[in-house]
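Letters A, B, ... mirror the listed sequences (proteins, then strands); counts begin at 1. Predicted model, so just to flag it, every value in this text is computed and none were measured.
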There are 2 protein chains.
Amino acid sequence: MYRIGELATLFDVKTDTLRFYEKHGLLTSSTRSEAGYRLYSQDDAQKLRFIIRAKAVGFSLNDIAELLSIELDKANWACADVKGLVDTKLEQVQAKIAELEFFASSLNKLSQACCGGPDSAEHCSILEALESTDKELSPKVEHHLHAEKQG
Amino acid sequence: MYRIGELATLFDVKTDTLRFYEKHGLLTSSTRSEAGYRLYSQDDAQKLRFIIRAKAVGFSLNDIAELLSIELDKANWACADVKGLVDTKLEQVQAKIAELEFFASSLNKLSQACCGGPDSAEHCSILEALESTDKELSPKVEHHLHAEKQG
DNA sequence: ATAAACCTTGGAGTTAAATCCAAGGTCAAG
DNA sequence: CTTGACCTTGGATTTAACTCCAAGGTTTAT
């Protein structure tokens with residue numbers, strides 16, 4: 001079991017942050033010592049790791065709480081409910097991956113264009129690099145941008 | 001050219017948000033009308049789209065400003081500087097992608113475990129699903145978690 | 001030429017997510 | 001048996017990123 005300070009050090013967060021997560025229902029220490037100290041189990045640590053990772057890829061604490069609530073505890077969740085929530089989150093995750101792969105390929109292009117590659121100095125900013133890769137736009141925007149682009 | 005309200009509608013943000021981005025150096029309209037109205041060009045729109053996307057995958061406005069500053073404008077940036085910044089950002093993006101792929105595979109596992117798949121009811125929460133996929137941990141944490149896991 | 005729907009600025013208020021602070025309890029080391 | 005490094009709580013403050021408001025100027029449609 002970890003005391004709050006140990007867990008905080010381990011994951012490079014502040015103890016205050018852990019108490020904050022507790023107050024907001026994201027991570028409660030599974031036990032307390034006699035004196036009232038929070039004691040975190042291995043599972044708690046696992047959960048914290050998940051929270052930190054999810055935050056790093058742009059999920060809000062609310063989103064994360066929802067992800068963590070996905071537990072097929074049979075009494076409270078129908079199977080279809082779980083599946084619905086999971087699949088929604090999965091779509092969000094996949095959308096994010098798609099965005100990032102786009103970024104990655106553009107940054108790559110930029111990096112290569114920069115130092116003497118065959119396309120040298122052709123794409124000099126992230127925006128130009130993105131543009132050169134762009135095939136699809138958000139439906140709402142597509143019409144406008146294309147309209148102007150031809151004119 | 002778009003007036004601020006048009007651009008805002010187009011991208012489903014508030015006009016206040018656009019002024020906020022301007023104040024913080026992320027997106028300045030390329031011109032103003034005689035009366036002082038902001039007029040946004042196609043390039044400005046492109047830039048806004050980039051900002052919105054970058055935000056969606058967990059970059060802060062500061063991160064984004066840095067990404068946007070990557071411009072090989074020859075006078076101010078040495079080639080190596082650009083490459084350095086780009087490659088740093090590329091690493092961040094790739095790390096995020098790795099995280100998300102992890103999430104995705106776990107959510108998938110969860111979704112399948114849920115409704116009568118072969119692993120039915122085996123991984124009942126996102127945490128269990130993650131754990132079942134887990135091979136690598138952050139180096140800092142690895143030792144501790146494994147140590148306890150064996151004991 | 002006037003109302004409705006835009007736009008301007010400056011500044012205040014909100015929300016999420018921490019982060020800090022104060023007053024005090026606990027515990028291992030000397 | 002006290003010093004120092006922990007921990008507790010409750011509440012205040014900060015930071016990022018908006019979001020709203022007020023007082024006033026502009027444009028457009030009737």
Side-chain angles (χ1 to χ4, degrees), chain A residues 1-41 44-45 47-69 92 96 99 144, chain B residues 1-41 44-45 47-69 92 96 99 144:
Chain A
M1 300 299 253
Y2 306 110
R3 273 173 307 161
I4 195 168
E6 295 175 306
L7 190 66
T9 307
L10 205 51
F11 284 91
D12 202 27
V13 299
K14 301 263 161 70
T15 56
D16 280 323
T17 302
L18 296 179
R19 295 198 196 91
F20 174 82
Y21 287 166
E22 177 169 319
K23 184 151 61 180
H24 290 71
L26 272 95
L27 178 65
T28 309
S29 70
S30 42
T31 43
R32 292 279 185 130
S33 76
E34 295 221 338
Y37 287 18
R38 289 170 182 80
L39 295 174
Y40 294 91
S41 71
D44 296 335
K47 201 163 169 177
L48 176 56
R49 191 158 67 92
F50 176 76
I51 293 170
I52 289 167
R53 287 171 149 207
K55 255 174 44 63
V57 292
F59 285 108
S60 70
L61 296 190
N62 272 10
D63 288 334
I64 296 170
E66 206 167 16
L67 275 165
L68 287 172
S69 82
Q92 288 175 22
K96 279 175 199 280
E99 291 286 1
H144 287 257
Chain B
M1 300 299 252
Y2 306 110
R3 272 174 309 164
I4 196 168
E6 295 175 306
L7 190 66
T9 306
L10 204 52
F11 284 90
D12 201 25
V13 299
K14 301 263 162 71
T15 57
D16 280 322
T17 302
L18 296 179
R19 295 197 197 92
F20 174 83
Y21 287 166
E22 177 169 318
K23 186 153 59 182
H24 289 72
L26 272 96
L27 178 65
T28 308
S29 70
S30 41
T31 43
R32 293 280 185 130
S33 75
E34 295 220 339
Y37 287 17
R38 289 169 181 81
L39 294 174
Y40 294 91
S41 71
D44 296 336
K47 200 163 171 178
L48 176 57
R49 192 157 66 91
F50 175 77
I51 293 169
I52 289 167
R53 287 171 149 206
K55 255 173 44 63
V57 292
F59 284 108
S60 70
L61 295 190
N62 271 11
D63 288 334
I64 297 170
E66 206 168 16
L67 275 165
L68 287 172
S69 82
Q92 289 174 21
K96 278 174 198 280
E99 291 285 5
H144 287 257

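Listed for the Thr9(A) side chain is a donor-acceptor partner under 3.5 Å among the backbone atoms of Gly5(A). Using modelled atom types, one side-chain atom of Asp44(A) and one backbone atom of Ser30(A) make a donor-acceptor pair closer than 3.5 Å. Side-chain N or O atoms of Lys55(B) include none that pairs as donor or acceptor with a backbone N or O of Leu61(B) at under 3.5 Å.
Qualifying side-chain contact (heavy atoms from CB on, under 4.5 Å) partners for Asp63(B), counting only residues two or more places apart in sequence or in other chains: Phe59(B), Ser60(B), Lys89(B). With sequence neighbours left out, the side-chain contact (heavy atoms from CB on, under 4.5 Å) criterion links Leu39(A) to Met1(A), Arg3(A), Thr31(A), Ser33(A). A search for side chain to side chain donor-acceptor pair (under 3.5 Å) contacts involving Gln92(A) returns nothing, not counting sequence neighbours.
Between Asp16(B) and Arg19(B) there is a salt bridge, since a side-chain N of the basic residue sits under 4.0 Å from a carboxylate O of the acidic one.
Between Thr17(B) and dT19(D), a side-chain N or O to OP1/OP2 separation shorter than 4.0 Å is present.
Distance CG (Leu18(B)) to P (dT19(D)): 11 Å, rounded to an integer number of Å. Here the C1' atom of nucleotide dC18(D) and the CG atom of Asn62(B) are 15 Å apart, to the nearest Å. One can place CG of Leu61(A) at 17 Å from P of dA16(D), the figure rounded to the nearest angstrom. In this entry the distance linking CD of Glu6(A) with C1' of dC7(D) reads 12 Å, nearest Å. Rounded to whole Å, the distance from CZ on Arg19(A) to C1' on dG11(D) is 14 Å. Remark: P of dA16(D) and CD1 of Ile64(B) are 14 Å apart, rounded to the nearest angstrom. Put simply, OH on Tyr2(A) is 14 Å from P on dC7(D), counting in whole angstrom units.
Comparing dC20(D), dA17(D), dC7(D) against the side chain of Lys14(B) picks out dC20(D) as the nearest. Taking every side-chain heavy atom of Tyr21(B) into account, dC18(D) is the closest of dT19(D), dC7(D), dC18(D).
Evaluation of the salt bridge (charged side-chain N to carboxylate O under 4.0 Å, His left out) test over residues 24-37 of chain B, restricted to residues two or more places apart or in two chains, returns Glu22(B)-Arg32(B).
Using a 4.0 Å heavy-atom cutoff across all strands shown, Arg3(A) reaches sugar-phosphate atoms only and no base atom.
With a 4.5 Å cut-off on side-chain heavy atoms, Leu67(A) and Phe50(A) count as touching.
Each of Ile4(B) and Lys23(B) was assigned the nucleotide of DNA chain C with the nearest heavy atom; the assignment lying further toward the 5' end belongs to Ile4(B).
Protein chain A contacts DNA chain C over a range whose 5' and 3' limits, counting nucleotides with an atom under 4.0 angstrom from a non-hydrogen atom, are dA17(C) to dC27(C).
Contacts of residues 31-40 of chain B with DNA chain C (heavy atom under 4.0 Å): Arg32(B), Gly36(B), Tyr37(B), Arg38(B).
Not a single donor-acceptor contact under 3.5 angstrom links the side-chain atoms of Asp16(B) to the base of dC18(D).
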